[in-house]
Amino acid sequence: MTINKMSSFQGQKLVGTLYLVPTPIGNLGDMTSRAVETLQNVDLICAEDTRNTQKLLNHFEIKTSQISFHEHNTKERIPLLLAKLKEGLNLAQVSDAGMPSISDPGHELVEACIEAEIPVVPLPGPNAALTALIASGLTPQPFMFYGFLPRKHKELNEALVKLNQQEVTMIFYEAPHRLKKTLQAMGEVFGMDRKIVLCRELTKRYEEFLRGSLADAVEFAKDDEVRGEFVVIVDGNHAPNHAEEVLDISLEDEVNQKIEQGLKPNAAIKEVAKRRQMKKQDVYNAYHHLTD
Ligand code: SAM
């Protein structure tokens, strides 16, 4: 086991430190004074989007230079950043909003620094997932943070079928234009009566929490005009064994199974709708991929 305490680096050949600096998720008042000082004092800021971060730096009158560090240049940038750290420069890494590494760039750089025995210092600060969780009203621990679900229908469905066995509270990120499809798919696998909280525009003027069942959430998201940033928090499965019998296969497979067993497609859809407490039309649409 390796132990990396800041004190264990003292007295060694001078290397720099990588600071991981969270930034506000919508409210500039959430920038901590330590985050401001760190960004002021480091030699270089590695930013997901330098234009976006420049606005933050201007607001806090921080003059430090930036270098871009995002998902498309991570591989090329890491050797350059490691070289700077080994020369003794201190770096800060920031993403566009919230905590670096959490559904954002950063993890590979942290891994590379640990491997190269360069100190990594995390600052606490804004993060959408935990901010949403503590106000959701759903059991805060244990929880699992999932981040973004796969986009393609098949992969999304497979991921949800696995997640259906989770007994713990689950936290997801989702883009507004995919919310409708994701909630519909969740309802098909988890059952429409599962509790869910949509946490919208956290820390901003129009912050709101929509608490209810997956059926309510699907109804809320049915318009194509859903706007804002969302964290989606879903209650765990409190009857996983029972659910396994009923829901541990995708809706599509369940309908097909019934057709293979001799039911006509319409009857199969009707039966699956009844078992999943869904509207027949919703099962029909999902089975025929009409909601994609
Ligand atoms: N690193 C960030 C963090 O620590 O939360 C997350 C970045 S991820 C690319 C962006 C996603 O986080 C959004 O699609 C949304 O799901 C969620 N998010 C970020 N800010 C939010 C906010 N103010 N309100 C609700 N969700 C937010």
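Remember, it's 1-based here, ligands and their atoms both numbered in the order they're listed.
- Of the protein's non-hydrogen atoms, the one nearest atom 20 (N) of ligand 1 is Glu229 OE1, 3.4 Å.
- Between Ser95 and ligand 1, not a single N/O pair is under 3.5 Å apart.
- For Ala132, no heavy-atom contact with ligand 1 is shorter than 4.0 Å.
- Within a 6.0 Å radius of OH in Tyr146, more than 12 heavy atoms belonging to other residues, nucleotides or ligands are found.
- The nearest protein atom to atom 18 (N) of ligand 1, hydrogens excluded, is given as Ala128 CB, 3.5 Å; this is a heavy-atom distance.
- The distance criterion of under 3.5 Å between nitrogen or oxygen atoms is met by Tyr173 with respect to ligand 1.
- Atoms of ligand 1 lying under 4.0 Å from any heavy atom of Cys199, numbered from 1 in the order shown and given with element: 25 (C).
- The only member of Asp49, Asp104, Thr23 that meets side chain to side chain donor-acceptor pair (under 3.5 Å) when paired with Ser95 is Asp104.
- Remark: aromatic rings of Phe230 and Phe172 are distant, center separation not under 6.0 Å.
- The shortest N/O to N/O separation between Met99 and ligand 1 falls below 3.5 Å.
- For the 3.5 Å distance criterion, the side chains of Arg205 and Asn27 fail to qualify, holding no donor opposite an acceptor.
- Between atom 2 (C) of ligand 1 and the options Pro22, Ala97, Gly125, the minimum heavy-atom separation is to Ala97.
- The side-chain contact (heavy atoms from CB on, under 4.5 Å) test with Leu198 singles out one residue from Leu183, Ile233, Val231, and that residue is Leu183.
- Within the structure, ligand 1 lacks Gly26 among the residues with a heavy atom less than 4.0 angstrom away.
- Any N or O atom pair closer than 3.5 Å counts here, and Asp104 shares at least one such pair with ligand 1.
- Looking from atom 26 (N) of ligand 1 to the surrounding protein, the closest heavy atom is Val231 CG2, 3.4 Å.
- For atom 16 (O) of ligand 1, the closest heavy atom belonging to the protein is Phe230 O, 2.6 Å.
- The pair Lys204-Glu229 meets the salt-bridge criterion, since a charged nitrogen lies less than 4.0 angstrom from a carboxylate oxygen.
- Residue contacts with ligand 1, taken as heavy atom pairs separated by less than 4.0 Å, involve Phe148 solely via side-chain atoms from C-beta onward.
- For Glu174 and Thr182, the side-chain atoms include at least one donor-acceptor pair closer than 3.5 Å.
- The protein heavy-atom contact nearest to atom 24 (N) of ligand 1 is Leu202 N, 2.9 Å.
- Considering both main-chain and side-chain atoms, Ile102 comes within under 3.5 Å of ligand 1 through a nitrogen or oxygen pair.
- Under 4.0 Å is where a charged nitrogen must lie from a carboxylate oxygen, and between Glu108 and Lys75 no such pair does.
- For a threshold of 3.5 Å applied to N or O pairs, the pair formed by Ile25 and ligand 1 contains at least one separation below that value.
- The pair Arg227-Glu225 meets the salt-bridge criterion, since a charged nitrogen lies less than 4.0 angstrom from a carboxylate oxygen.
- Taking any N or O of Thr203, backbone or side chain, none lies under 3.5 Å from an N or O belonging to ligand 1.
- A salt bridge is defined here as a Lys NZ or Arg NE, NH1 or NH2 lying under 4.0 Å from an Asp or Glu carboxylate O, and Lys222 with Glu219 meets this definition.
- Residues Leu210 and Asp216 fail the side-chain proximity criterion, which asks for heavy atoms closer than 4.5 Å.
- Short contacts between ligand 1 and Glu174, defined as distances under 4.0 Å to a heavy atom of the residue, involve ligand atoms 14 (O), 16 (O).
- One finds a salt bridge joining Lys154 and Glu158 here, because a Lys/Arg side-chain nitrogen approaches an Asp/Glu carboxylate oxygen to under 4.0 Å.
- Those atoms of ligand 1 with a heavy atom of Lys204 less than 4.0 angstrom away are 23 (N).
- For the 3.5 Å distance criterion, the side chains of Asn256 and Glu252 fail to qualify, holding no donor opposite an acceptor.
- Residue-level proximity to ligand 1 for Glu207 is absent, since no heavy atom of it falls below 4.0 angstrom.
- Close approach of ligand 1 to Asn127 is summarised as follows: ligand atoms under 4.0 Å from at least one heavy atom of the residue are 3 (C), 4 (O), 5 (O).
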